[in-house]
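A short write-up of the structure that comes next.
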Amino acid sequence: MAEQNPKAGYEPQKIEAKWQKRWEEARVFECEADPSKPKYYVLEMLPYPSGTLHMGHMRNYTIGDVVARVKRMRGFNVLHPMGWDAFGLPAENAAIKNHTHPRVWTNNNIAEFQRTLRRFGFSYDWRREISTCEPEYYRWNQWFFLRMLEKGLAFRKKAPVNWCPKCCTVLANEQVIKGYCWRHEDTLVETRDLEQWFLRTTAYSEQFLEDFKLLEEGWPERVITMQREWIGKSRGANVKFAVANSSGGETIEIFTTRIDTIYGASAMILAPTHPMVGPLLENSPERANAEPLLAQMRQTSVKTADLATMEKVGFFTGRYVLNPFSGEKLPVWVGNFVLMGYGTGAIMAVPAHDQRDFEFCRKYNLPVRVVIQPVSAETLDGATIKAPFEEHEGGKLVNSGPYDGLTPDTAIEKMTADAEAEGFGKGTVVYKLRDWLISRQRYWGTPIPVVYCEKDGMVPLPDDQLPIVLPENIRLTGEGASPLATTPEFVNTKCPKCGGPARRDTDTMDTFVDSSWYFYRYCDPHNSKAPFDAAKVGYWFPIDQYIGGITHAILHLLYSRFWCKVMRDLGLVRHEEPITRLFTQGMVLKGGTAMSKSKGNVVGAHEMADKYGADTGRLYTLFATQPEKDLEWSEESIDGAWRFLNRVYRLTERHADLLKVVMASSSLGSSATDKEKKLLRKAHQTLQRVTSDFETRWHFNSAIALIMELTNEIYACEPLEDGVRPEIRKEVLELLTLMLAPMTPHIAEEMWEILGHSGGLWSVSWPAANAELAKDDEVEIPVQINGKLRSKLKVPAGIGQEEIVKLATSDPAIASHLDSKRVVKVIYVSNKLLNLVVA
RNA sequence: GCCCGAAUGGCGGAACUGGCAGACGCGCUAGGUUCAGGACCUAGUUCUCGCAAGGGAGUGGAGGUUCGAGUCCUCUUUCGGGCACCA
């Protein structure tokens, strides 16, 4: 548009380059820890440098930038950094495809990303830029890993793990979405038995939950809910059932949250991989039948994808256990719906009071016995019920020996206590959260700093050998084992303990390790002695405002919380939670789906800046909708933002010459004209509301609408020469400029200069609204009769009820509706509305 | 199945604690202006009856609370998101 409009005074490309240069020269966005100043740490989630930045990204950074600029104007010492989540599989895959090195590909992308972000004028302190693929960064991943190893928080274990055949690597639990790989929506994750490195996130399950109380105010409720569900705490009891006819007196422990229903148990059901399945079958008459079924079940249970809809199948082991409460003999079954990884991998089946057990027992003709009878409904009969009764509330125990008549909740308490006293059970708490599997069989990540020595076994490397640097010469094929494993110069090393030959660990760390603590590094990005200086982090932390997509609700944000708690326990930080406030912005959609390169529906950031300039791009993404909502991209609506900036710019230019030489003033004086009053009132009213939108609600869209209204009002008062003193004109135009400054900083700087300032906006504070000037002296009161709008009255502000009723009843538009009716009630909301109730 | 969130003109969306529904912008219509315009200025633009003045309806649907409901309550529909054999 700009290039087709040579007469326009507003030339964004020229202005934007000019001010970006000035900002850089004046180093206005650089900051240092300074305990004498109030701090504000605002951060957008760091990008993965792949492809090119589109307007979806830019929206995110624009929101953060507005906040950073507003806080600076309000006198805060603002930390607003940017960096690169530079390790990861796409770099490796791209390198394989293009026969280049992941580092080359990554650094090219970083250069391009940086150019784009600079072009949009984001107010980052670029001296603090970090790139997680640099040894100066990832050495601290290794350092943290060693500390966790010392504390027992990092450990190796052989376990069934998630394997993505496309990524050729294992995945963390959190990276498996409905059974599919988080990066490959079409690729089912397989299960493999491997020995891998884990971080003990489960050590903090309870604290994660506990500390939600610190986040309630600043985090979106749904993020907390998602994390809470992911952690999945359940209270219940483990109960031991003795195996009937066993020589060794074996027992099998089940986990239940409903011990109160134990008299209704019809069977015990084991997970197919439960360790007792084999031993039980050994002396079983059912062995021949069972073994092929078991083999099949173990195979199909690998696919977790359609677990929820899968039909329940099982078989009888031929063996029995004894219900420790009733002494009853219960058959032991194996069921495909019982998970080994949760609870004890064994359950009691209570078909009358659990949906899954109900389905299973009906299918295999196991007895259904009601032991909780709803009080206020017809009596349930196990033989005929169509659905289980699962509620706690409104039930009483029956057929439960000494516990008959108790409510489920009291029974749970009493029976758990009794089981503990008798020694066959124990109240427990279980969590769904699993430890974080961090080993990856890929190259482009942080090497794990341990070696394996024939003599000494696994040996952690001493700190002075860090960083373990990735070898540069590497053959990447994307197939087979970990690339590091096929690079002998990397693998073969010496044992730091005995000096003998040793092999390095050839896996790398999950890249979520990098992003779990990167925001600490921004506080002290070039420290070569430690991950960061405690005093610097002590000043800047916790993060006051974090901004990013909801997609990271669990993965990144939970890992970050984990890292913080580990660091706190290591004595490195003093706070409990790293992020005080979290904002999850909406996506930018085009054609109904999120902008993404793979979908081919992106609007590139450069494309936008070329055509309209960065300020228009920023303004449009802020104006289109509230920041938390998804934004459907509309090429036509951008013209509106572009036109508005032109309109504002022309206005400033028109008044430039005269205003350069006067001082702004909002002092009205006794001879003030109506125009002057009107303009100043509108300007200060706008300022009041925009200030509150910036501070509390973040409704940038309505803030912009208000600024547009102010602009329209100024246009409506043109020519301003006629009846508006220059100092008041200047006051109004300056307020307009300052309100735009956080959102469209380049044009605001230019306008500020046009208005005669040479200092630059960075040294200007957010203006204070003058409540006196903002006050309306006349208000329009809607008058309703029985809640229906019938008229409007222009009255002096603050008018009393008696007076306004008098005015209203003499208004012909009202009088005609009153007729013969009587006013029975008057509702008057001062300065707002009058409602006459008539009968 | 469970838990959240959303639904407002032709479109994106305003309406902060219940108080003028449709701010602001897009689009459209008309007029002005310009060598020209996908530029600029002005006016209009929820639907509907009416020449008009004015009336009626109206925030997915059905009820309810209230002087007054887009906003609160109950039920319901559609869409979006999350969780889901977690015992």
Side-chain angles (χ1 to χ4, degrees), chain A residues 1 4-8 177-178 220-223 225-226 228-230 232-234 236 254-258 261 269 271 304 306-312 335-339 341-350 353-357 359-360 430-432 550-551 553-554 592 619-620 623-626 628-641 643-644 646-647 650 689 692-693 696-697 699 701-709 711-712 715-716 718 780-792 813 816 824-829 832-838:
Chain A
M1 288 295 151
Q4 293 168 19
N5 192 8
K7 273 192 197 164
I177 314 294
K178 296 179 178 175
E221 199 186 316
R222 61 181 180 142
V223 174
T225 305
M226 282 164 73
R228 184 173 280 128
E229 281 173 2
W230 186 257
K233 178 179 181 174
S234 292
I254 58 108
F255 171 73
T256 179
T257 54
R258 291 299 300 274
T261 65
I269 311 178
T304 51
D306 36 20
L307 213 55
T309 52
M310 208 155 77
E311 206 193 334
K312 289 170 185 52
N336 64 339
F337 68 101
V338 181
L339 306 172
Y342 183 78
T344 60
I347 63 162
M348 61 177 190
V350 185
H353 305 289
D354 182 280
Q355 181 63 37
R356 296 149 304 180
D357 298 347
E359 285 169 37
F360 190 84
V430 301
Y431 302 88
K432 292 184 202 171
I550 185 79
T551 40
I554 295 171
L619 188 71
Y620 170 68
F623 182 57
T625 184
Q626 290 170 25
E628 56 265 66
K629 292 191 178 160
D630 286 350
L631 184 164
E632 175 66 41
W633 192 260
S634 154
E635 205 61 44
E636 282 132 28
S637 302
I638 297 164
D639 282 336
R643 284 204 286 259
F644 170 69
N646 275 279
R647 199 167 142 85
R650 274 197 307 275
R689 297 180 57 189
S692 109
D693 271 346
T696 57
R697 304 197 308 163
H699 285 189
N701 55 333
S702 56
I704 293 165
L706 289 165
I707 295 169
M708 285 174 168
E709 274 187 61
T711 309
N712 292 345
Y715 266 89
E718 288 278 23
E780 200 180 44
I781 305 284
V783 182
Q784 302 179 332
I785 291 179
N786 289 346
K788 258 195 191 313
L789 180 71
R790 293 302 177 185
S791 183
K792 289 178 184 184
S816 69
V824 292
K825 197 172 178 187
V826 175
I827 286 133
Y828 176 56
V829 185
K832 268 268 173 68
L833 159 142
L834 176 69
N835 187 13
L836 302 175
V837 185
V838 301

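Chain letters run A, B, ... following the sequence lines, proteins first and then strands; every chain starts at 1. From a predicted model like this one, the values you see are computed outputs, not experimental measurements.
In this structure, B/G9 is classed as syn because its glycosidic torsion stays within 90° of zero.
Taking the P atom of each, B/A21 and B/U46 are spaced 14 Å apart, rounded to whole Å. For the P atoms, the distance from B/G70 to B/A36 is 49 Å, rounded to whole Å. Rounded to whole Å, the C1' atom of B/G13 lies 13 Å from the corresponding atom of B/U59. Comparing the P positions of B/G9 and B/U48 gives an interatomic distance of 14 Å, to the nearest angstrom. When the P atom is compared between B/U65 and B/C73, the two are found 15 Å apart, to the nearest whole Å. Nucleotides B/C72 and B/U17 place their P atoms 9 Å apart, quoted to the nearest Å. Only the P atoms considered, B/A53 is 25 Å distant from B/U42, to the nearest whole Å. Straight-line distance between the P atoms of B/A39 and B/C26: roughly 10 Å, to the nearest whole Å.
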* Structure fact -> For nucleotides 21-28 of chain B, 5' to 3', base contacts (B), sugar-phosphate-only contacts (S) and non-contacts (-) with protein non-hydrogen atoms under 4.0 Å give --BBSSS-

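Taking 3.5 Å as the limit, the base of B/C67 and the side chain of A/Lys825 contain no donor-acceptor pair of atoms between them.
B/G70 is unpaired under the criterion used here, namely a Watson-Crick or G-U wobble arrangement in which both key atom distances are under 3.5 Å. Figure legend. B/G58 is base-paired to no nucleotide; pairs are counted as Watson-Crick or G-U wobble with both atom distances under 3.5 Å. Nucleotide B/A87 is matched to nothing when pairs are restricted to Watson-Crick or G-U wobble geometry with both distances under 3.5 angstrom. Across all strands shown, nothing is found opposite B/C20 as a Watson-Crick or G-U wobble partner with both distances under 3.5 Å. With a 3.5 Å ceiling on both atom-pair distances, B/U34 lacks any Watson-Crick or G-U wobble partner. When both distances must be under 3.5 Å, the Watson-Crick or G-U wobble mate of B/A43 is B/U29.
Here the side chain of A/Tyr620 pairs no donor or acceptor atom with the backbone of A/Gly640 at under 3.5 angstrom. At least one donor-acceptor pair under 3.5 Å links the side chain of A/Asn336 to the backbone N or O of A/Glu311. Side-chain N or O atoms of A/Asp354 include none that pairs as donor or acceptor with a backbone N or O of A/Ala349 at under 3.5 Å.
Each of B/C20, B/C16, B/C85 was ranked by its minimum atom distance to the side chain of A/Pro782; first place goes to B/C20. Relative to the side chain of A/Leu833, the nucleotides B/C20, B/A84, B/C85 differ in distance, and B/C20 lies closest. Closest to the side chain of A/Arg790, out of B/G19, B/G55, B/G81, is B/G55. Nearest to the side-chain atoms of A/Thr257 among the listed nucleotides B/A15, B/A87, B/G19 stands B/A87. The side chain of A/Glu229 approaches B/G82 more closely than any other nucleotide in the set B/G19, B/G82, B/C16. Nearest to the side chain of A/Asn835, among B/C67, B/G13, B/A87, sits B/C67.
Base engagement by A/Lys792 is indicated by at least one non-hydrogen atom pair under 4.0 Å involving a base atom. Residue-level contact check: A/Val338 touches the bases, meaning some heavy atom is under 4.0 Å from a base atom.
Residue A/Arg647 holds its CZ atom at 4.5 Å from CG of A/Asn712, rounded to the nearest 0.5 Å. Here A/Gln784 contributes atom CD and A/Lys792 contributes atom NZ; the two are 11.0 Å apart, rounded to the nearest 0.5 Å. Of the inter-residue distances, the one linking A/Asp693 atom CG with A/Asn701 atom CG reads 8.0 Å to the nearest 0.5 angstrom.
RNA chain B is contacted by both A/Asp630 and A/Tyr715; A/Asp630 maps to the nucleotide lying nearer its 5′ end (nearest heavy atom per residue). Take the nearest nucleotide of RNA chain B for A/Ser692 and for A/Ala716: the residue whose nucleotide is more 5' is A/Ser692.
Rounded to a whole Å, the CE atom of A/Met226 is 10 Å from the P atom of B/A84. Taking atom CD1 on A/Ile554 and atom P on B/G81, their separation rounds to 15 Å, with Å as the unit. Atom P of nucleotide B/A87 and atom OH of A/Tyr342 are separated by 4 Å, given to the nearest angstrom. As rounded to whole Å, 12 Å separates atom P of B/C85 from atom CG of A/Asn336. One can place NZ of A/Lys832 at 8 Å from P of B/C20, the figure rounded to the nearest angstrom. Taking atom NE2 on A/His699 and atom P on B/G12, their separation rounds to 18 Å, with Å as the unit.
For the pair A/Lys312 and A/Phe337, the cation-pi criterion (under 6.0 Å, within 45° of the ring axis) is fulfilled.
The shortest distance between the side-chain N/O atoms of A/Arg650 and the OP1/OP2 oxygens of B/C41 is below 4.0 Å. Close to B/A15, at under 4.0 Å from its OP1 or OP2, lies a side-chain N or O of A/Arg697. Checking the phosphate oxygens (OP1, OP2) of B/A14, a side-chain nitrogen or oxygen of A/Gln626 falls inside 4.0 Å.
Few gaps surround CD on A/Glu635; more than 12 heavy atoms of other groups in view lie less than 6.0 Å from it.
By the salt bridge (Lys or Arg N to Asp or Glu O under 4.0 Å) test, A/Glu709 pairs with A/Lys682, sequence neighbours left out.
Counting all heavy atoms, side chain and backbone alike, A/Arg697 lies closest to A/Ser702 at NH2-OG, 3.7 Å.
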